[in-house]
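Worksheet for the structure shown next.
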Amino acid sequence: MFIVVAEKASVAEAIRDALPYKGLKVTWVRGHVMEMDLPMNLRAWRLETIRDIMGVRRFRYRVRDRESYSRLSSVFSGRDSVLVIATDNDHEGELIGYEILMLYRRIKGKDAEYYRMRFNSTDRREIVGAWSRLEGSLNWRWVGKAMFRHKFDLLTGAAYTRLLTLSISKSGGRMAGKSTGDGSGCSSSNSSSRDGYSAGSSVSDAGTRHDLTISTSHITGTNTGSNCTGSRNRSRKRSRSNDPMLISWGSCQTPTLNFIVEREREIEQFRPVDYWYIDALLMYSGIQFRARSTNIYDEVHASSIYESCRGSSTALVLEYKERAVTIHRPLPSRTDDVLRDLVRITGRSASYLLDVMEDLYSRGYISYPRTDTNRYPRGFDFSRPLRAALDGLGITLNPVHARPRNGMHDDNAHPPIYPVSPYHGSGIEREVWEYIARRFLANAYADDATLVKQHARLVTAEGSVELHAEGLYVRDEGFLAVYRYFMPEEHRIPVLVTNSSVDVEWIDLVKDRTKPPSRLSEAELLEIMERHGIGTDATRAEFPSLLLRRGYATKVRSRFKPTALGTTLIDALNALDGRLVNADTRRMVEMVMRDIEDDRIKEDEALNRSIELYDHLLSLCIKNIGAIADALSNITIAGKQGRR
DNA sequence: GCAAGGTC
């Protein structure tokens, strides 16, 4: 009996439909089954043990999804069961597969046979194809790189967060206290005989060893609380008023906050400058159009120029030019590009929109929504997405071959997002589906658009002041016909002839001043995060919301403004070492992950080397913690009073 | 009570 385990229920269902065979049982988990945590002796938050965190190399692997864990346990206990790992085809899916394998081999023995099934969509043929080419092993380099990231982020995140949080509570900034002890039902009050089982060496393949200790106390214990695995609750959490103040640090959240603080600094330091320009309304063969001079930064000079030309009733055309500009059709849909556009189009937050995509995916309307790929694989079958898009949009198209414009990104795990079946519903789901369908058509079945930019240079009859007029119109609509989201606004000027004369309707002197850059919108923040490799396509959307919950930033007219707490935190850390706040940490993590994947370094050595630097920076923080804590405490106490 | 990564 093959036991096929998918990463989520919706995929399990698709597999069951595609492979309706006897002797095949499909079940599922819900993302990670296990969660990495610090060993028990470091459970308590204490300043004295913070340095020890960085030295941890044996991790506790806790069961986080008890329901999946016990369901799998009982299925694996069947006498002739053989595991087929059907988690997502990416490194995090590989790690989830490893978690499943650990459990399987605890039951079946350390050499028990298993298979890995790889597919990139829940499309029936894709699944049938994957079943026909099962692999005999996990990709251990993928497991290793995912494991490295988990460990690095846990050690650094826990150490810095505890240091910052504990030191401000020491210096009097602590909020109304919640006990940090047990009583939650989540502790290991029931010590099972299997507690402390070490899985490290028993499931290593291909020379890969992972020092893990499985704690089974959650499974066998009498825990009824749901908050042990409550990631759902976490994201709903709004108020911090009853929590002890938490000052968190993380390789993704801190650089994201830093982007917001940096922008605020630019705005604060901005000094506006006054300038003037000549503005004119002109007319040529019955068509009105605007023209203006370049900016003049001196008031006296501007006035004299204006005085010299204000009596003009005509202007002379010095030059008229048209320039064709090609607007390329969009690339295949990657999560990041799609979210950024949809945030602009719908005004909803990226994390919400990703939920909507997840929902459309699980109901079979679009392909897997978390992808970093914007090129189609060789042999990709466009016919079904095409039918889905045309049907769902009510468009007819003469049969033509797909000729997608491909990008350069490939995560080697998922194809771009494409429509799988027509969605005829309404509301935000429809908006999202429609965007994906339209983008699919625009990319693979439409031409680039051609715009024409017009530029005219004129000179006033009196004073000889040079004026410029700009125009824009669409020559070939191309993909814009099906993808109207960011349609350029047409504003034509008449086609002018050199040396001809145009009428001046009025002429004016306008005063203006240079403006500071605006605060970051969510779309801009996401774009910057992506450019710096902060987060993944699946998680990036979460961080802006997290910063709001932590009280590091607020949203003012849908743009991000750092709070005093956020600014103080960044300033204090940045003063010690820029690497504590900028995107370097993440860049390093990404690089090391690539090295592990390409077998240039082993996971344990990668961890030692990377932690070394952040251990050094930690001791720097500890040396200076007095000043950091004072600055933060002043803010948090003031902030607390301010909220009352 | 920590991170970031999955999914719900």
[X] [atom1] - [N] [atom2] separation (whole Å):
X	N	atom1	atom2	answer
A:K151	B:dG5	NZ	P	17 Å
A:L154	B:dG1	CG	C1'	13 Å
A:R540	B:dG6	CZ	P	10 Å
A:M357	B:dT7	CE	P	12 Å
A:H150	B:dA3	NE2	P	14 Å
A:D90	B:dT7	CG	P	8 Å
A:E542	B:dG5	CD	P	10 Å
A:L580	B:dA3	CG	P	16 Å

Tell me which nucleotide among [options] gets nearest to the side chain of [X].
X	options	answer
A:E35	B:dA4, B:dT7, B:dC2	B:dA4
A:F543	B:dC2, B:dA4, B:dC8	B:dA4
A:R30	B:dG5, B:dG6, B:dC8	B:dC8
A:I96	B:dA4, B:dC2, B:dG6	B:dG6
A:L38	B:dT7, B:dC2, B:dA4	B:dC2
A:L246	B:dG6, B:dC8, B:dG1	B:dG1
A:D88	B:dA3, B:dC2, B:dG6	B:dG6
A:S248	B:dC2, B:dA4, B:dC8	B:dC2
A:A9	B:dG1, B:dC8, B:dG6	B:dC8

| message | So A:T161 and A:W249, do their side chains get closer than 4.5 Å, heavy atoms only? | response |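 Yes, their side chains come closer than 4.5 Å.
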Hey, is the side chain of [X] poking within less than 4.0 Å of OP1 or OP2 on [N], counting only N and O atoms?
X	N	answer
A:T536	B:dG6	yes
A:T539	B:dA4	no
A:R550	B:dA3	yes
A:R549	B:dG1	no
A:R64	B:dC8	no
A:Y368	B:dT7	yes
A:R370	B:dG5	no

| query | Which comes earlier along DNA chain B counting from the 5' end, the contact point of A:A44 or that of A:A538, where each point is its nearest nucleotide? | reply |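 Closer to the 5' end of DNA chain B: A:A44.
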| task | For A:S10 and for A:I534, find the nucleotide of DNA chain B with the closest heavy atom, then tell me which residue's nucleotide is more 5'. | result |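 Counting from the 5' end, the first nearest nucleotide belongs to A:I534.
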| query | Using the ring of each side chain (for Trp, its six-membered ring), is A:F76 parallel, tilted or perpendicular to A:Y104, with breaks at 30° and 60°? | reply | perpendicular
| field | Aromatic plane relationship, A:W433 with A:Y423 - under 30° parallel, 30 to 60° tilted, over 60° perpendicular | value | tilted
So [X], base contact, sugar-phosphate only, or nothing? Heavy-atom distance under 4.0 Å.
X	value
A:G93	nothing
A:R586	sugar-phosphate
A:D359	nothing

| field | Aromatic stack A:W249/B:dA3: centroid gap under 5.5 Å, interplanar angle under 30° | value |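 No, aromatic ring not over the base.
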| field | Member of A:I85, A:D88, A:V33 meeting the side-chain contact (heavy atoms from CB on, under 4.5 Å) criterion with A:E7 | value |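 The single option meeting the side-chain contact (heavy atoms from CB on, under 4.5 Å) with A:E7 is A:D88.
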| request: Kindly indicate whether the side chain of A:D153 and the base of B:dC2 share any N or O donor-acceptor pair separated by less than 3.5 Å? | output: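 No pair found.
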| field | Pair of N/O donor and acceptor under 3.5 Å linking B:dC2 base with A:R162 side chain | value | yes
| field | Listed partners of A:F119 passing ring-ring contact (aromatic ring centres under 6.0 Å, His included), at least two apart | value |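 None.
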| field | SB check A:R579 A:D584 (cutoff 4.0 Å) | value |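 Between A:D584 and A:R579 there is no salt bridge, as every charged N stays at least 4.0 Å from the carboxylate O atoms.
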| A:R71 side-chain N/O to A:W28 backbone N/O, donor-acceptor pair under 3.5 Å |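 Yes, A:R71 side chain to A:W28 backbone: donor-acceptor pair under 3.5 Å.
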